[in-house]
Student: 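Submitted below is the structure of interest, expressed as structure tokens.
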Amino acid sequence: MSKEPYSVIHWFRRGLRLHDNAALLEALKPINDGDRFILRPVYIIDPWYKANVKCGQNRTRFLLQSLQDLDNSLRKLGSSLYVARGDPVEVFEKLFTKWEVKKITWEVNTEPYARERDRKVSSVAKMLKVKVTECDGHTLYNLDFLLSKNNGNVPLTQQKFTSLVTSIGHPAKPQKAPECLKKFAPSSEVEKELELPSHDEFYLDESASGKCLFPGGETEALKRLEEKICFENAKWVREFEKPLTSPNSLEPSTTVLSPYVTHGCLSSRTFYWKLFDVYEGAKHSKPPVSLKGQLFWREFFYTVGAHTENFDKMVGNKICRQIPWESNEEKLNAWKNSQTGFPFIDAVMTQLREEGWIHHLARHSVACFLTRGDFWQSWEKGKEVFEEYLLDHDWSLNAGNWMWMSASAFFHHYYRVYSPVAFGKKTDPTGAYIRKYLPQLEKFPNEFIYEPWKAPLSVQKDLGVIIGVDYPKPIVDHGTASKQNITKMKAAFAAASKAKAQNDADFSPPSKKKSKLLE
DNA sequence: CTAGATGTTGCAAGA
DNA sequence: CTCTTGCAACATCTA
């Protein structure tokens, strides 16, 4: 008998899907025509993530469900997912030899750790004569290509970015999932020693995770896409304007496709072209507020994130205004654990911790509150809390949006402060949302639901809920705190522009003034 | 050079 | 209920 043919690995990292997976399709192309080879779909549980990225129960469950779904889908096609543990460099060093690997493919990941990791794996592959093929697919466009089309400048406004992608034209159309993988299966017995991770291995405690409102996986992702972006829903899709959607409706007012796009269960290009189908020939809203605009926002933060050093930090980050934030554990914990005494803020943070998804404008409210609005805490601290709890946590989007909301970058109107009382009232005057997430306040009359500390003590006693005992008093007076913070912001902005002017003078080429003197 | 317009999504008060 | 305005007012681009 001839020996086993060589192997080709497709390494799943994000991109946990079979549809529109360019790198997976690339893995199915023979190195030489007529080659017979074995496809090895691999996922690696890399301890670096456990050590360096905060990941709460809900997102852990989402990832596990996504892996289970991926394995199911692969099995239906005659393949299966091989889950390995350890540092990818060490894992591949062993697997390349063991399986006689000649090629490995993966989807581009532009986050700092992933880049470094992929660089190391590439050099091991080169040493062991394994061909590496990296394919786009997580974003609509190749991010280096976008930068080159913008003359090497990082676009810093959405308007700039929109005109850039508009001048480029549509992104690539999505590719179909492979139909059958049987001919790539190992002829001998399938390797069984490494299986899908168990709940224990992922430190997943079902009792500690919340209701599963958004199950992970490509199957769910495509189902949700069909439900939301379809002709039956055409009016809603075409008229969608993000700022007009509600942050505190009891059912999400937006698509909640973000967790699926983040994990790559849903291809952003599949999303884009599905929107195109529903838009086609009809009047529809436009970026930045439209649904397509939401994909552009994602692409925008990815582009800036991929090309800005220390993008997720304040210090050493060129685009981030340096602001003397305070570090107060008590305030941070009150915010994180819904103990600020502002029901709207506390309700949003409860929804975040329990369910893992909150509306974009709810994120704005709590982010503004923690940073420039009320608590004057660093956006990096808030970013870590979102990192822990969000199902759709995404390195680029999280850092970018926190800088935005804290007026550290992109956004400069620091005097526009969200009110923790007034903002929610606009879309939910009776406080149904607060009652759902803070049941201890359920019986408060509408007039006090956003400001329970204003209810007369007699009312509090009748309800059996004493503010300051059963629910906290507000930690700060919003009026006073926000005014003080606006003043601090004014000073920080002035210092920053002074520093910028100094820097420009130091590093700019000879000024016109000097040139004139030379003439 | 200056002035004016614009930037995905503020609030409160008053017509 | 919708619209306008004052609040105190940034950075950036264009004319």
Side-chain angles (χ1 to χ4, degrees), chain A residues 150-151 153-166 239-249 253-255 258 284-301 304 318-323 342 344-345 348 358-369 371-374 397 400-429 450-451 477-501 503-504 511-513 516:
Chain A
N150 203 40
N151 304 318
N153 300 318
V154 179
L156 290 175
T157 64
Q158 174 62 206
Q159 218 177 34
K160 263 245 153 75
F161 184 82
T162 302
S163 66
L164 173 66
V165 289
T166 306
E239 291 176 5
F240 184 96
E241 290 188 30
K242 187 66 157 278
L244 301 182
T245 58
S246 167
N248 49 3
S249 49
S253 62
T254 51
T255 65
S258 54
H284 58 85
S285 55
K286 295 268 151 59
V289 294
S290 64
L291 278 166
K292 190 163 105 175
Q294 305 314 302
L295 288 172
F296 285 179
W297 278 105
R298 172 174 184 269
E299 198 82 358
F300 169 67
F301 286 125
V304 187
K318 267 189 181 171
I319 66 165
C320 183
R321 198 169 277 109
Q322 306 297 301
I323 294 169
F342 290 94
F344 178 62
I345 299 297
V348 170
I358 51 178
H359 185 274
H360 186 66
L361 291 175
R363 301 181 196 200
H364 274 210
S365 308
V366 296
C368 179
F369 185 91
T371 58
R372 66 187 169 85
D374 294 79
L397 276 57
N401 279 306
W402 272 97
M403 279 190 271
W404 184 293
M405 265 331 293
S406 61
S408 299
F410 312 113
F411 174 83
H412 318 288
H413 292 188
Y414 59 79
Y415 41 88
R416 288 187 192 168
V417 177
Y418 286 86
S419 160
V421 171
F423 188 70
K425 275 187 188 172
K426 288 191 287 188
T427 41
D428 179 24
Y450 281 85
E451 304 168 279
D477 175 76
H478 172 68
T480 317
S482 60
K483 275 190 194 74
Q484 280 173 353
N485 290 340
I486 286 174
T487 310
K488 286 190 213 165
M489 267 297 190
K490 190 183 158 92
F493 266 61
S497 36
K498 199 177 160 189
K500 188 180 180 293
N503 193 59
D504 288 351
S511 69
K512 281 178 184 168
K513 220 177 177 180
K516 270 184 184 167

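Order of the sequence lines sets the chain letters (A, B, ...), proteins ahead of strands, with each chain counted from 1.
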Student: Please name all residues satisfying side chain to side chain donor-acceptor pair (under 3.5 Å) with Y418(A), sequence neighbours left out, ordered by chain then number.
Tutor: H364(A)
Student: Taking only residues two or more places apart in sequence, or in another chain, which ones meet H413(A) in a ring pair (Phe, Tyr, Trp, His ring centres under 6.0 Å)?
Tutor: F411(A), Y415(A)
Student: I would like to know whether F161(A) and F301(A) meet ring pair (Phe, Tyr, Trp, His ring centres under 6.0 Å); could you show each step before the answer?
Tutor: CA-CA 10 Å; F161(A) 184 82; F301(A) 286 125; 9.5 Å; no
Student: In whole Å, I'd like the distance from the NE2 atom of H360(A) to the P atom of dT9(B).
Tutor: 10 Å
Student: When you check the side-chain N and O atoms of Q294(A) and S290(A), is any donor under 3.5 Å from an acceptor?
Tutor: no
Student: Could you measure between the two C1' atoms, the one in dC1(B) and the one in dT14(C), and give it in whole Å?
Tutor: 13 Å
Student: At under 4.0 Å between heavy atoms, what does Y414(A) touch on the DNA or RNA strands: base, sugar-phosphate, or nothing?
Tutor: sugar-phosphate
Student: In whole Å, what separates the P atom of dC11(B) from that of dA11(C)?
Tutor: 22 Å
Student: For dG4(B) versus dA9(C), give the span between their C1' atoms, rounded off to a whole number of Å.
Tutor: 15 Å
Student: Taking atom types as modelled and ignoring hydrogens, do the side chains of N248(A) and H359(A) form a donor-acceptor contact shorter than 3.5 angstrom?
Tutor: no
Student: Kindly express the pairing pattern of DNA chain B in dot-bracket notation, using | wherever a base pairs with another strand and counting only Watson-Crick or G-U pairs under 3.5 Å.
Tutor: .||||||..||||||
Student: Can you tell me how far the CE atom of M405(A) sits from the NE2 atom of H360(A), to the nearest 0.5 Å?
Tutor: 8.5 Å
Student: When rounded to the nearest Å, what value does the distance between C1' atoms of dA3(B) and dC7(C) take?
Tutor: 22 Å
Student: In Å, rounded to the nearest 0.5 Å, how long is the span from OG of S246(A) to CG of L361(A)?
Tutor: 8.5 Å
Student: Do the side chains of E299(A) and K292(A) get close enough for a salt bridge, i.e. N-O under 4.0 angstrom?
Tutor: no
Student: Using chain A heavy atoms and a threshold of under 4.0 Å, write down where along DNA chain C the contacts begin and end, 5' to 3'.
Tutor: dA9(C) to dC13(C)
Student: With P as the reference atom in both, quote the distance from dT6(B) to dT4(C) in angstrom, rounded to an integer.
Tutor: 15 Å
Student: Let me know the distance between NZ of K286(A) and C1' of dG7(B), rounded to the nearest Å.
Tutor: 19 Å
Student: Atom NE2 of H412(A) to atom P of dG7(B): distance rounded to whole Å?
Tutor: 13 Å
Student: At 4.0 Å (heavy atoms only), tell me whether R321(A) reaches a base, stays on the sugar-phosphate, or touches nothing.
Tutor: sugar-phosphate
Student: In Å, rounded to the nearest 0.5 Å, how long is the span from CG of N485(A) to NZ of K483(A)?
Tutor: 11.5 Å
Student: Could you check how far NE2 of H359(A) sits from P of dT9(B), rounded to whole Å?
Tutor: 14 Å
Student: With rounding to whole Å, what would you report as the distance between dA12(B) and dC1(C) at their C1' atoms?
Tutor: 16 Å
Student: Give every pair of a protein N or O atom and an N or O atom of nucleotides 10-15 of chain B that lie under 3.5 Å apart, one pair per line with the distance.
Tutor:
from	atom 1	to	atom 2	distance (Å)
dC11(B)	OP1	S419(A)	N	2.9
dC11(B)	OP2	K426(A)	NZ	3.0

Student: Please report the interatomic distance CZ(F300(A)) to CD(Q158(A)), rounded to the nearest 0.5 Å.
Tutor: 6.5 Å
Student: How many angstroms lie between atom OG of S258(A) and atom CG of L397(A), to the nearest 0.5 angstrom?
Tutor: 9.0 Å
Student: Go through it in stages, so that I can follow the logic: the residues are T162(A) and K286(A), the test is side-chain contact (heavy atoms from CB on, under 4.5 Å), and I'd like the CA-CA distance, side-chain angles, deciding distance and then a yes or no.
Tutor: CA-CA 10 Å; T162(A) 302; K286(A) 295 268 151 59; over 6 Å; no
Student: Atom OH in Y414(A), atom OG in S408(A): separation rounded to 0.5 Å?
Tutor: 13.5 Å
Student: Classify the angle between the aromatic ring planes of F344(A) and Y450(A) as parallel (below 30°), tilted (30 to 60°) or perpendicular (above 60°).
Tutor: tilted
Student: Produce the list of close N/O pairs, under 3.5 Å, pairing protein atoms with atoms of nucleotides 4-6 of chain B; give distances to one decimal.
Tutor:
none

